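Accompanying notes for the structure given below.
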Amino acid sequence: MTAPTKTPTHPDLHEPVIDWFAEHARDLPWRRPEAGPWGVMVSEFMLQQTPVSRVLPVYEQWLARWPRPADLAKEAPGEAVRAWGRLGYPRRALRLHGAAVAITERHGGDVPTGHAQLLALPGIGEYTAAAVASFAYGQRHAVLDTNVRRVFARAVGGVQYPPNATTAAERKMARALLPEEDETAAKWAAASMELGALVCTAKNENCHRCPIAAMCAWRLAGKPPHEGPARRGQTYAGTDRQVRGKLLAVLREAVAPVPQAVLDRVWDEPVQRARALDGLVDDGLVEPLPGGLYRLPAS
DNA sequence: CAGGCGTGGTG
DNA sequence: TCACCAAGCCT
């Protein structure tokens with residue numbers, strides 16, 4: 001019997017993908033050693049649903065201004081929202097600020113190393129906890145983001161796209177594919193994600209540049225097109241989200257509290273406008289003051 | 001668990 | 001042009 005006892009399910013995928021990564025990985029600031037766990041964590045918050053190209057400049061400003069969690073923690077949350085700029089989903093800024101406060105209070109100012117501790121922080125879900133633990137601390141976790149899910153769906157599952165929501169089957173597959181060693185697993189996580197971001201993309205798959213094209217189940221099956229309904233497109237024009245965005249843009253630019261009348265100019269329809277503003281206040285993104293004034297939250 | 005939550009680039 | 005997409009989280 002020559003077979004070793006703990007052979008991974010698909011050991012042949014690891015080496016080509018990791019080697020490809022060594023050659024083609026982008027030189028991103030949060031991948032450099034000087035970024036540290038805090039830099040990794042900040043980047044992960046910003047990258048949630050936001051392209052790398054838009055994150056880069058904000059990331060640099062953020063780290064220069066708040067090089068440690070404690071630096072951000074002592075700021076007003078509104079300053080985090082302001083510095084977030086136009087990255088989108090500004091609740092992330094609030095949550096990152098909240099995470100910095102929690103890190104300062106509960107973890108002595110250092111980004112925690114444990115997956116469960118990370119998961120307990122605001123704005124950190126399953127993906128981000130695994131990503132920080134893996135990228136910042138070299139731990140072995142299944143890091144299942146949209147890129148990795150797509151790569152696995154194709155290379156292993158033989159279909160064009162993964163399911164809309166992450167399934168237990170996907171998690172199981174991701175765990176089964178994980179290399180045994182911590183360090184190798186961390187490289188694998190970063191490499192498989194980068195492959196999905198650069199080569200095995202949603203719209204154009206570039207199989208000629210793919211290091212595992214020869215063993216890709218989807219390609220070998222003749223690249224059958226996605227079956228079933230298309231993903232629900234996110235509508236935007238005319239929604240509360242658009243109104244919220246316009247309201248918050250005014251408040252981000254303002255140095256002093258803004259009168260209601262000024263906010264009223266961003267949207268004609270009064271019911272929707274009021275609903276959007278109320279929502280921002282409920283979310284803690286906007287602080288109402290006496291006299292019909294509004295500003296970003298000071299506390 | 002489906003739906004809400006920003007923004008700008010792109011085919 | 002405009003629908004779709006980009007390293008999710010929370011309720």
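Quick caveat, the model's predicted, so the values are computed rather than measured.
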Subject >> First of A:I124 and A:N147 reached from the 5' end of DNA chain C, by closest nucleotide >> reply: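 The residue whose closest nucleotide sits nearer the 5' end is A:N147.
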
**OP:** Find which nucleotide of DNA chain C each of A:L119 and A:A197 is nearest to by heavy atoms, and output the residue with the more 5' nucleotide.
**Re:**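 It is A:A197 whose nearest nucleotide is closer to the 5' end.
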
Within this structure, what is the [atom1]-to-[atom2] distance between [X] and [N], rounded to whole angstrom?
X: A:D283; N: C:dC10; atom1: CG; atom2: P; value: 13 Å
X: A:R150; N: C:dC4; atom1: CZ; atom2: P; value: 16 Å
X: A:F45; N: B:dG6; atom1: CZ; atom2: P; value: 16 Å
X: A:E44; N: C:dC9; atom1: CD; atom2: P; value: 9 Å
X: A:L96; N: C:dC9; atom1: CG; atom2: C1'; value: 13 Å
X: A:N204; N: C:dC5; atom1: CG; atom2: P; value: 12 Å
X: A:R92; N: C:dA7; atom1: CZ; atom2: P; value: 12 Å
X: A:E126; N: C:dT11; atom1: CD; atom2: P; value: 17 Å

Taking any heavy-atom pair under 4.0 Å as a contact, classify [X]: base, sugar-phosphate, or nothing.
X: A:V143; answer: nothing
X: A:R86; answer: sugar-phosphate
X: A:A165; answer: nothing
X: A:W84; answer: nothing
X: A:S53; answer: nothing
X: A:L28; answer: base

**OP:** Examine distances only and state if a side-chain atom of A:R154 and a backbone atom of A:C216 form a donor-acceptor pair shorter than 3.5 Å.
**Re:**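 Not a single qualifying donor-acceptor pair exists.
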
Original post:
Hey, does the side chain of A:Q139 reach the backbone of A:T113 with a donor-acceptor pair shorter than 3.5 angstrom?
Top reply: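 Between the backbone of A:T113 and the side chain of A:Q139 there is a qualifying donor-acceptor contact (under 3.5 Å).
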
When the [atom1] atoms of [M] and [N] are compared, how many Å lie between them, rounded to an integer?
N: B:dG4; M: C:dA7; atom1: P; value: 22 Å
N: B:dG3; M: C:dC4; atom1: P; value: 16 Å
N: C:dC9; M: B:dG8; atom1: P; value: 23 Å

Subject >> Sidechain N-carboxylate O distance under 4.0 Å for A:R219, A:E205 >> reply: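 So A:R219 does not pair with A:E205 through a salt bridge.
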
Subject >> Candidate nucleotides C:dA7, C:dA6, C:dC9, ranked by approach to the side chain of A:R26 - the nearest >> reply: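 Ranking C:dA7, C:dA6, C:dC9 by closest atom to the A:R26 side chain puts C:dA7 first.
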
Original post:
Between C:dG8, C:dA6, B:dG4, which one does the side chain of A:R91 approach most closely?
Top reply: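 Ranking C:dG8, C:dA6, B:dG4 by closest atom to the A:R91 side chain puts B:dG4 first.
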
**OP:** Within residues 243-253 of chain A, find the residues that approach DNA chain B with a heavy atom at under 4.0 Å, and present them sorted by residue number.
**Re:**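 Close to the strand are A:R244, A:G245, A:R252.
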
Original post:
Same cluster for A:V40 and A:V143 if Ile/Leu/Val/Met/Phe/Trp/Tyr side chains link at under 4.5 Å?
Top reply: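 Result: yes, single cluster for both.
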
Supply the atom-to-atom distance [X] [atom1] to [Y] [atom2], rounded to the nearest 0.5 angstrom.
X: A:W30; Y: A:L47; atom1: CH2; atom2: CG; result: 5.0 Å
X: A:I18; Y: A:K187; atom1: CD1; atom2: NZ; result: 7.0 Å
X: A:R171; Y: A:L144; atom1: CZ; atom2: CG; result: 7.5 Å

Original post:
Less than 3.5 Å between a donor and an acceptor, one on the side chain of A:R241 and one on the base of B:dG6, is that the case here?
Top reply: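 Such a pair is found, so the answer is yes.
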
Original post:
Quick one: is A:T50 getting a side-chain N or O under 4.0 Å of the B:dT7 phosphate, OP1 or OP2?
Top reply: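 A:T50 to B:dT7 OP1/OP2: no side-chain N or O under 4.0 Å.
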
Original post:
Side-chain N or O of A:Q49 less than 4.0 angstrom from OP1 or OP2 on C:dG8?
Top reply: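 Looking at the OP1 and OP2 atoms of C:dG8, one of them is under 4.0 Å from a side-chain N or O of A:Q49.
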
Subject >> Neighbour count above 12 (heavy atom, 6.0 Å) for A:E183 CD >> reply: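 For A:E183, atom CD is not crowded (no more than 12 foreign heavy atoms under 6.0 Å).
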
**OP:** Over 60° means perpendicular and under 30° means parallel, so classify the ring planes of A:W62 and A:W84, tilted if in between.
**Re:**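 It falls in the perpendicular class, over 60°.
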
**OP:** Could you tell me whether the side chains of A:Y127 and A:E44 share a donor-acceptor contact shorter than 3.5 Å?
**Re:**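 There is such a pair between these side chains.
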
Under 3.5 Å, which protein N or O atoms sit close to an N or O of nucleotides 1-3 of chain C? Give each pair with its distance.
none

Subject >> Option passing side-chain contact (heavy atoms from CB on, under 4.5 Å) with A:L285 (candidates A:L296, A:L94, A:L251) >> reply: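 Per the side-chain contact (heavy atoms from CB on, under 4.5 Å) rule, the option paired with A:L285 is A:L94, out of A:L296, A:L94, A:L251.
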
